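Values below: all heavy atoms of this structure, side chains included; hydrogens, waters and symmetry mates excluded. No experiment lies behind these values; they were computed from the predicted model shown. Residue numbers begin at 1 in each chain, while the letters A, B, ... track the order of the sequences.
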Amino acid sequence: MNSNQRFLKQAQTILKKQFGHEQFRPGQEEIILNVLNGKDVFAMMPTGSGKSLCYQIPGYLLQGTVLIISPLLSLMEDQVHALRLTGEKNVRTLNGLMHPLERSRVLRNLRSLRFLYLSPEMLRAPAVMKALSKITIALFVVDEAHCVSQWGHDFRPDYMHLADIRAQLGQPPCLAVTATADEHVRHDVVRSLNLTHPAQIIMSVDRKNIAIIVQKTANQEEKTERLFHLLEKAPYPGIIYCASRDWTERLAEQAKQKLGLRTAFYHGGMASIDRRKIQNQFLDNQIDLLCCTNAFGMGINKPDIRLIVHFHFPSSMNAYLQEIGRASRDGKQGLAVLFYTKSDEQLPEGFIDGNFPSDETLRRVLLQLDQGTRSLADKNEFMNVLMEEGVSETAARFLFEHASEKPMQQTYSSLLDPCRMRIKERVAVQVNDLSIMKNYLETSSCRRRFYLQVYHEKLQEKPAYCCDRCRIPLSELMQKIPKKKRTEPLRLMDWKQKLAALFQESERSPL
DNA sequence: CGATCCTCCGATATCGGAGGATCGGTGCCATATT
């Protein structure tokens, strides 16, 4: 028996014993084998296809602790909860909401952990790095790895420091996983994480069971009209994606008034406890229609969402596919409808500008740093002052991050051109993503073929209900989509879940 | 870029319209305040 066969056998034993599955799903074996062989891996596979198992199983076979870098606290909580349900006790998160005493207790007991979930920001805390450098890291996992490229360059710059962090931890093997990443994002992630000759396991982004419709309207009023026309007959539960918080609230209210639907809205301006509540209600079928911004969705794995509406189009193909990909994970027929009107284009264009400081601000701030009328000594103060001057938070952080990296012997003003270049590059990438999206909206040929091309995939076999360009027989399609009774009883926990929940309660520390 | 909110003006008391300014999405952490 060679080593791969031995690894596979061990992995299968864990799969059955710990997770209760008989067989691996497509892609899992290959990823796990590469990980067990100590290779860096980049994996793109659809949500719900078992990405987590790809690092969880190696966690039982490798020496040391598996670190999982995750973008959202709620995602970490969910994963820890899921692992505890399998009986795993040596799993924790490390986050800013924890009591300092509890946090230091976790840091003291790192060695006993099999899995540790944390954010990229948490990894920059000196105490965390000090504790981590004393233990063996079996595997460095970057979950939702597209965030490295999507957020790392501006919104959450700590994503750009992960390669350094990994090096400081003795360069453990890295597994980067995501559901959606085009060629550019993949390259960017591999480069940013400094993956060496990574094994790349790339699965198709296509979702054959989702019929796609794109409708152009003359103006906002017509768009709203068509939306409500659709909602009258639409299958539920469904999600409407909007570009602003305001619209999510307005549409939720209107759909409730006009159609008597159980609606809710969800966006980043809400308290996290309310967001959690809405998310749970949606998962529990207490909400028919959820109106949200792009804040909603990561880590959501509800199998029976039948409808995804875009009331505003997203700013990249990656985002679009992620969002429509949330429909019908159970393989049954689903529907994705996008409405747009010409004036929708300004919003995403405005977002791109807002991510970076204007040339005037850039020049002025660098000059002030040279003159000593502004200082980087206190990050909060630096940020606050800029935000009071009307600079967006993201742009202010861009300034802080780049100015902080100034070599000793140079002036801040010498950073002007490098910063301009950086901004130009990033704006170009985002403008390009947006223009691909706009081309998609205007294409006269098959939508599916178009987006597959963006991912360098070929359409092998056209599904019966493909897209508006391929002329879907609508009424026939509607009959194919499973309908849910609106007054479905709450899902009751079975005894196993109840027990697990209780167990978790009592295990929680009194701090 | 454009919807929307704000301010100001006129003219006479409640409001309409012009013109300018602002806003718009994604989340971690830390720290100061309630």
Side-chain angles (χ1 to χ4, degrees), chain A residues 69-77 93-100 103 117-129 143-144 146-162 165 219-221 223-224 241-250 265-272 275-276 291-299 310-316 318-320 322-323 341-356 358 378-384 387-398 400-401 430-431 433-434 438:
Chain A
I69 320 303
S70 169
L72 304 180
L73 299 180
S74 61
L75 220 57
M76 299 182 211
E77 272 173 40
T93 73
L94 207 52
N95 64 61
L97 302 177
M98 289 161 74
H99 192 283
R103 209 189 307 176
Y117 287 86
L118 31 61
S119 67
E121 288 83 2
M122 188 51 81
L123 275 174
R124 294 192 84 188
V128 173
M129 281 306 283
D143 198 9
E144 307 286 355
H146 58 279
C147 294
V148 172
S149 178
Q150 188 191 313
W151 284 351
H153 297 284
D154 35 64
F155 186 51
R156 290 177 69 179
D158 291 310
Y159 264 107
M160 280 295 128
H161 299 284
L162 289 180
I165 303 259
N219 51 44
Q220 288 292 332
E221 290 87 70
K223 192 162 82 166
T224 315
Y241 278 104
C242 303
S244 76
R245 295 171 177 181
D246 215 35
W247 271 109
T248 66
E249 300 190 13
R250 253 184 281 170
F265 58 84
Y266 182 107
H267 55 65
M270 295 159 64
S272 59
R275 290 170 62 165
R276 192 39 112 160
C291 307
C292 59
T293 61
N294 57 354
F296 185 80
M298 230 194 280
H310 282 91
F311 192 71
H312 298 106
F313 61 86
S315 47
S316 72
N318 283 324
Y320 176 67
Q322 254 168 49
E323 287 163 5
T341 182
K342 197 73 188 145
S343 64
D344 290 345
E345 291 177 9
Q346 303 114 32
L347 208 60
E349 279 162 15
F351 287 153
I352 294 174
D353 286 341
N355 279 338
F356 305 99
S358 67
D378 183 337
K379 182 178 178 182
N380 282 341
E381 202 198 319
F382 178 86
M383 298 276 295
N384 286 339
M387 283 160 70
E388 275 163 28
E389 291 168 17
V391 178
S392 78
E393 191 184 346
T394 312
R397 199 175 16 244
F398 177 96
F400 183 85
E401 286 289 321
Q430 291 176 18
V431 166
D433 280 347
L434 191 58
K438 286 195 260 184

### Message
Just to be sure I follow the notation: if a pair is Watson-Crick (purine N1 to pyrimidine N3 plus N6-O4 or O6-N4) or a G-U wobble (N1-O2 and O6-N3), each under 3.5 Å, what dot-bracket string does DNA chain B give, with | for pairs to another strand?
### Response
((((((((((....))))))))))..........

Can you find a side chain N or O atom of [X] that sits less than 4.0 Å from OP1 or OP2 on [N]?
X: A:R103; N: B:dA30; result: yes
X: A:R124; N: B:dC28; result: no
X: A:T293; N: B:dT26; result: yes
X: A:R245; N: B:dT26; result: yes
X: A:S119; N: B:dC29; result: yes
X: A:R397; N: B:dT26; result: no

Using whole Å, what does the distance between atom [atom2] of nucleotide [N] and atom [atom1] of [X] come to?
X: A:F296; N: B:dG27; atom1: CZ; atom2: P; result: 12 Å
X: A:Q150; N: B:dC28; atom1: CD; atom2: P; result: 14 Å
X: A:H312; N: B:dA3; atom1: NE2; atom2: C1'; result: 11 Å
X: A:M270; N: B:dT26; atom1: CE; atom2: C1'; result: 15 Å
X: A:D353; N: B:dG24; atom1: CG; atom2: C1'; result: 12 Å
X: A:D154; N: B:dG25; atom1: CG; atom2: P; result: 16 Å
X: A:R156; N: B:dC29; atom1: CZ; atom2: P; result: 8 Å
X: A:Y159; N: B:dG27; atom1: OH; atom2: P; result: 11 Å

### Message
Please compare A:H267 and A:N95 by the position of their nearest nucleotide in DNA chain B and report the one closer to 5'.
### Response
A:H267

### Message
Heavy-atom nearest nucleotide on DNA chain B for A:Q220 versus A:N380: which residue maps closer to 5'?
### Response
A:Q220

### Message
Check this for me, if you would: do A:R397 and A:E393 make a salt bridge, where the nitrogen-to-carboxylate-oxygen distance has to be below 4.0 angstrom?
### Response
yes

### Query
So, A:R124 and A:E121, do they make that salt bridge, N to O below 4.0 Å?
no

Have a look at [X] and say if it touches a base, only the backbone sugar-phosphate, or nothing, with a 4.0 Å heavy-atom cut-off.
X: A:M122; answer: sugar-phosphate
X: A:T394; answer: base
X: A:E381; answer: nothing
X: A:D158; answer: nothing
X: A:P71; answer: sugar-phosphate

Kindly say whether [Y] contributes a backbone atom to a donor-acceptor pair with the side chain of [X] at under 3.5 angstrom?
X: A:Y241; Y: A:F296; answer: yes
X: A:N95; Y: A:M98; answer: yes
X: A:R156; Y: A:P120; answer: no
X: A:S149; Y: A:H146; answer: no
X: A:D344; Y: A:T341; answer: yes

### Query
With under 30° as parallel and over 60° as perpendicular, where do the rings of A:F265 and A:H267 fit, or are they tilted in between?
parallel

### Query
Between A:Y320 and A:H310, what is the ring plane arrangement, given parallel below 30°, perpendicular above 60°, and tilted in between?
tilted

### Query
Is A:W151 stacked on the base of B:dG27 when the test is centres under 5.5 angstrom and planes under 30 degrees?
no

Determine the interatomic distance between [atom1] on [N] and the same-named atom on [M]; round to the nearest Å.
N: B:dC6; M: B:dA13; atom1: P; value: 26 Å
N: B:dG16; M: B:dT12; atom1: P; value: 15 Å
N: B:dT14; M: B:dC9; atom1: C1'; value: 14 Å
N: B:dG17; M: B:dA11; atom1: C1'; value: 14 Å

Where the side chain of [X] is defined as all heavy atoms beyond and including C-beta, which of [options] is the nearest nucleotide?
X: A:L347; options: B:dG2, B:dG24, B:dT26; result: B:dG24
X: A:F155; options: B:dT26, B:dC28, B:dG2; result: B:dT26
X: A:R250; options: B:dT4, B:dT26, B:dG27; result: B:dT4

#### Entry: B:dG2 base / A:D344 side chain donor-acceptor hit below 3.5 Å
no

